[in-house]
Structures are given as structure tokens and as C-alpha cells.
> 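Let me give you the structure first, and then I'll get to my questions.
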Amino acid sequence: MKKKVAILGSTGSIGTQALDVVRDQPEHFEVELLTCGNRVDLLIQQALEFKPNAVVIGDAARLAEVKDALFPKGIKIYAGSDALEQAVTMEGIDLVLTALVGYAGLRPTLAAIGAGKPIALANKETLVVAGELVTKAAREKDVDIYPVDSEHSAIFQCLAGEWHNPIEKIVLTASGGPFRGRTRAELATVTKAQALKHPNWEMGAKITIDSASLMNKGLEAIEAKWLFNLKREQIEIVVHPQSIIHSIVQFRDGSMKAQMGLPDMKLPIQYAMTFPQRLPTTWPRFNFTQYPALTFEQPDLDSFRNLALALEAMDQGGNAPCVLNAANEVAVELFLKEAIGFLEMSDVVAHTLATVPFVAHPTLQDLEASDAEARRVARERTTPAWNS
Ligand code: NAD
Ligand code: MG
């Protein structure tokens, strides 16, 4: 039986690699639903190749273009975020891969869980914003969430066969990004082009900037907390510039299991889509002699304030991670527009966290209000010099 997959964000970095996996494993997968924000040309090309039952285009203004191309092929076409929430519940879908970026992933993920669909989760922001609500909904519906993020996939792979053994701690590895080793003063002048050049991974723009600022590792710590039910003190972050060890689990007898391999997202994507099975692949293999030194160092929380801010928000809990996420999405957008500098991203996030009222036990409505308020506060000031 082929697994029928829905790929949310099919035109992005994770989405296109997920389709590479589907293309390589045609006897295992069929595409039921493809969705994207506004990359109409690629969505149409993908739909013509993979012949999904339906597509959703986020940007309703582009609906006519998609209809012209795909209606004659018998593909159902919808537009807008409400349609996306409905489409993920379609009867034929066996697995929903959430590969869209940012807060926009939250509602469709909750809708898919509500409909009892297993989730392959790339969209970490969903767990950052609403980890408690999402994991609770998944437990209530008995829905599995398979991590796609490489570190979380590594931990998940290390836990195979260990379900009854408590985790003592996990070690999340971080590449350190393109600015590893720089001082805060040096970071003040780095450019957008430099920030977009990640040493080991090719990813969408938002996560690439988050990796450069180490916000990504903070978001991943929060993601890990919810996925693996961990306390703050059970999460250690270590910089490992070669990105070969994707993360580590330490058990209570002191034993550590690490998952290793060349940095290639196709592996965690495929594992999330086929768990507990591993399918054969022809991807390049890791060779120890080509990497004589695997190195490790402490993250620099003074230079990379975003990581410290994310860990603080995780400690605070409540709506703080939601506020952090919204402020960061605005900050990254402004940095990508070259409206603010690299370090000002942390200023925006810190200012927003200090300004938006804290809610200890937020409902979904509270989180929506916090997200909106945080975006408003973060946008209020796009100039430097409120780093008080
Ligand atoms: P990307 O920017 O390359 O792709 C994002 C996709 O989402 C695109 O298809 C886009 O059209 C769609 N999209 C964007 N906004 C939307 C909206 N409002 N409504 C509907 N669709 C929308 O991003 P990416 O790098 O593929 O990352 C996707 C997610 O996976 C992110 O949450 C990221 O943190 C996570 N992730 C990515 C990688 C990676 O290697 N790229 C690794 C780990 C985790
Ligand atoms: Mg990751």
C-alpha cells in the first residue's frame, strides 16, 4: 500500500527535498496534496509531475493562474489559509508533512491532528508557539508526530528500542553558522549576503538567518522540550561545526547514543515518512578518514544573544516562546529587507519580550492575540538605539 502524503510548503527547501524522496521511492508514496505560499510556477510544475488530488495556493490572488493550468488535469484547486486548514483533513491523506515556514504552520497542523493525521513535522515554529496545545491535541487524538528537523530526527533515531528508558539528557548539536567565533562587535557589521551563506546546509531564507544568529538552536531547544517531554536542564547545546553528529541522547546509565551522517535533509525527511522502516538509498555515505577531526565547543551566548533570549523564553514558558517567535519572524523579515542590522534582531526580540504582557497558561486565542501584539510591538520600531 502506498502512503498518500500531503506536503505543506512543497515549493520550499524541505518541500522540494520531500518530493525528491517521493520521486526516488515511487512504490512507497503517492502525493495527495501540495500547497505553497505564492510560488505558482513551481507548484504547477510539481502538480503536473506528481498528480495530486488537490493543491492549495496560499496567495488567493494567484488562484486563477493555478486553475488555468491544473483544472483541465482534474486536480482540485483551492486558495487561502482557511482552505489549507480544510484540505489537510481530506480523507485520502495518510501523512501530513508540515514544511511551511513560520507561525502559518500552526493552524493547519492543529487541523491535521484534529483529523487524526500523523504529522511529519518540519515546521518547528508550531511547537515553539504552541507546544503544549499541539502535543496535548496529539496525545488526545493518538496522533504521532515524527520529527523532520535533523537534530530531533537524530534523537528520535537514538530512542528507537529505548522507549522505556528515561532520557537523562540530550545534546543538541549546532553548526555555529557562518559567524561562529565572531565577537559581538564583529557581528555588528555582518551583511545579509554573508548571513545567507550557511557553511553546511542549504535551506530557506528564514531558517538560514536563524542559524546565523543561533535563534534556530533556541527554537530547536523548545521544539525538543515538547517532542521529548524534557526539562530545561536536560537539554545541552554544543557547537559542532562539521554537522556530522546530528544530536545525542544520554541515558541514565551514562551511555550516549549519537546519530551520524553527512548533512543531508533527505535522510530525516525520508525517515519521518517511513518510520519505523528504513528504505535503501544511494545518497553519498560518510567516510571517517575524510573527517579526521570532529570538534566541539561551547555556544557563545554573549555574542549570539538570540540563543540566550530563546532559552529565557523557554524557561518562562506560557506565551513567552510565542512572543519570541513572532518578534523573531518580524526581525528576520526586517533584516532580510536590510531595514535593520544583524544585532538589532536581538534588540527587537528583547524589546518585544519585555513589552508584551505575560500569559502563564495561554489558550489558542491567547496565543493568537500574543502573536499579533508581538508583531505590532516588533514593527513599532525599525531603527536602532532602543537597546536599553
Ligand atoms: P522555505 O522558505 O524554503 O519554504 C517554505 C514553504 O512554505 C514554501 O513552499 C512557501 O511557499 C510556503 N509558505 C510560506 N509561507 C506560507 C504561508 N503563509 N502559507 C502557506 N505556505 C507558506 O523554508 P524551508 O527551509 O523549507 O523550511 C520549512 C520549515 O522547515 C521551517 O519551519 C524550517 O524551520 C524547517 N526546517 C527546515 C530545514 C531545512 O533544511 N530547510 C531544516 C530543519 C527544519
Ligand atoms: Mg535543525
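Please read all numbers here as calculations on a predicted model, not as lab measurements. Atoms within each ligand, like the ligands themselves, are counted from 1 in listed order. Below, all heavy atoms of this structure are taken into account, side chains as well, without hydrogens, waters or symmetry copies.
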> Answer whether the closest heavy-atom distance between the side chains of W226 and V128 falls below 4.5 Å.
no
> Compute the shortest N/O to N/O distance between Q17 and ligand 1 and return yes if it is under 3.5 Å, no if not.
no
> Which atom name would you report as the N, O or S atom of E220 nearest the Mg ion (ligand 2)?
OE2
> Distance to 0.1 Å, residue and atom name: give those for the protein heavy atom nearest to atom 20 (C) of ligand 1.
L100 CD1, 3.7 Å
> Have a look at D149 and say which of its N, O or S atoms is nearest the Mg ion (ligand 2).
OD1
> Among all protein heavy atoms, pick the one closest to atom 3 (O) of ligand 1 and tell me residue, atom and distance.
S13 N, 2.8 Å
> Drop me the distance from Y271's OH to Q259's CD, to the nearest 0.5 angstrom.
9.0 Å
> Give a yes-or-no answer on whether the side chains of N325 and E125 include a donor-acceptor pair shorter than 3.5 Å.
no
> Given G37, G58, P263, G9, which has its nearest heavy atom closest to atom 11 (O) of ligand 1?
G37
> Please write down residue, atom name and distance for the protein heavy atom closest to atom 34 (O) of ligand 1.
K124 CE, 3.1 Å
> Select one of side chain, backbone, both or neither to describe which atoms of M265 lie under 4.0 Å from any atom of ligand 1, heavy atoms only.
side chain
> Go through ligand 1 atom by atom and flag the ones less than 4.0 Å from a non-hydrogen atom of S10.
9 (O)
> Less than 3.5 Å apart, any donor N or O on the side chain of Q157 or S153 sitting next to an acceptor on the other?
yes
> Distance under 4.0 Å to a non-hydrogen atom of I14: what atoms of ligand 1 satisfy this?
26 (O), 30 (O), 37 (C), 38 (C), 39 (C), 40 (O), 41 (N), 42 (C)
> So, Q45 and R39: side-chain donor and acceptor under 3.5 Å apart, yes or no?
no
> Quick test of your reading of the model: are R305 and D347 salt-bridged, counting only N-O distances below 4.0 Å?
yes
> Are S175 and N200 close enough that a side-chain donor and a side-chain acceptor fall under 3.5 Å?
no
> What atoms of ligand 1 come closer than 4.0 angstrom to any heavy atom of V101?
5 (C), 7 (O), 14 (C)
> Around atom 2 (O) of ligand 1, find the nearest protein heavy atom and jot down its residue, atom name and distance.
G204 CA, 3.9 Å
> Hey, are N216 and K124 close enough side-chain-wise for a donor-acceptor pair under 3.5 Å?
yes
> Could you grab the distance from atom OG1 of T35 to atom CD of Q46, nearest 0.5 Å is fine?
10.0 Å
> Using 0.5 Å steps for rounding, measure from the NZ atom of K231 to the CG atom of D315.
13.0 Å
> Going by distance only, is there an N or O of D149 that falls short of 3.5 Å from an N or O of ligand 1?
no
> Please say whether the positively charged group of R375, taken as NZ for Lys or CZ for Arg, lies over the ring of Y103, i.e. under 6.0 angstrom from the six-membered ring centre and within 45 degrees of the axis.
yes
> Starting from atom 18 (N) of ligand 1, locate the nearest protein heavy atom and write down its residue, its atom name and how far away it is, to 0.1 Å.
A104 CB, 3.4 Å
> Counting non-hydrogen protein atoms only, what is the nearest one to atom 36 (N) of ligand 1? Give residue, atom name and distance.
I207 CD1, 3.6 Å
> Looking only at protein heavy atoms, which one is nearest to atom 4 (O) of ligand 1, and how far off is it?
G12 CA, 3.1 Å
> Please list, in number order, the atoms of ligand 1 under 4.0 Å from a heavy atom of A122.
30 (O), 32 (O), 35 (C), 36 (N), 44 (C)
> Suppose we only allow N, O or S atoms; which atom of E151 ends up nearest to the Mg ion (ligand 2)?
OE1
> For atom 28 (C) of ligand 1, which protein heavy atom lies nearest, and how many Å away is it?
A99 O, 3.3 Å
> Taking N or O atoms only and a 3.5 Å limit, does E125 qualify as a polar contact for ligand 1?
yes
> Under a plain distance cut-off of 3.5 Å, with no hydrogens placed, do S247 and H152 share a side-chain donor-acceptor pair?
no
